[in-house]
Amino acid sequence: MSYNNEEQLDPAGSTQKFQRFVAENREEETEPRRPILPYVFVGLSVILAIGIILTVVLTWS
């Protein structure tokens, strides 16, 4: 019974239980996600290059 009383009086009791739970139940870390920004830049560059080529071809023909 004294354990329950200590638990109710100690506000850190739940925090300690939570920290123990996290320490005992570690999940495997996931792989970091690949950044998407370089792919966006490559896609925009390709579209821009095609636009420039079409503009030059249509202007000279």
Side-chain angles (χ1 to χ4, degrees):
M1 218 171 181
S2 65
Y3 180 72
N4 289 336
N5 289 338
E6 288 177 13
E7 198 173 271
Q8 290 173 355
L9 297 176
D10 182 16
S14 60
T15 305
Q16 291 171 352
K17 284 184 180 182
F18 175 74
Q19 289 174 347
R20 190 178 325 126
F21 172 79
V22 170
E24 291 173 356
N25 298 307
R26 290 242 179 239
E27 290 185 19
E28 295 179 13
E29 292 185 19
T30 58
E31 289 185 24
R33 291 177 36 185
R34 294 177 120 181
I36 195 168
L37 198 58
Y39 296 112
V40 171
F41 286 143
V42 168
L44 291 175
S45 299
V46 168
I47 292 171
L48 182 64
I50 291 171
I52 291 171
I53 291 170
L54 284 176
T55 303
V56 170
V57 168
L58 291 176
T59 302
W60 288 97
S61 57

Could you walk me through whether L48 and L44 satisfy the side-chain contact (heavy atoms from CB on, under 4.5 Å) test, starting with their C-alpha distance in whole Å, then the side-chain angles of each, then the deciding distance to 0.1 Å, before giving a yes or no?
CA-CA 6 Å; L48 182 64; L44 291 175; over 6 Å; no
Sorted by chain and number, sequence neighbours left out, side-chain contact (heavy atoms from CB on, under 4.5 Å) with I50 holds for V46, L54
Which atom pairs, one a donor and one an acceptor, fall under 3.5 Å between side chains of residues 31-43 and the rest of the protein, sequence neighbours left out?
none

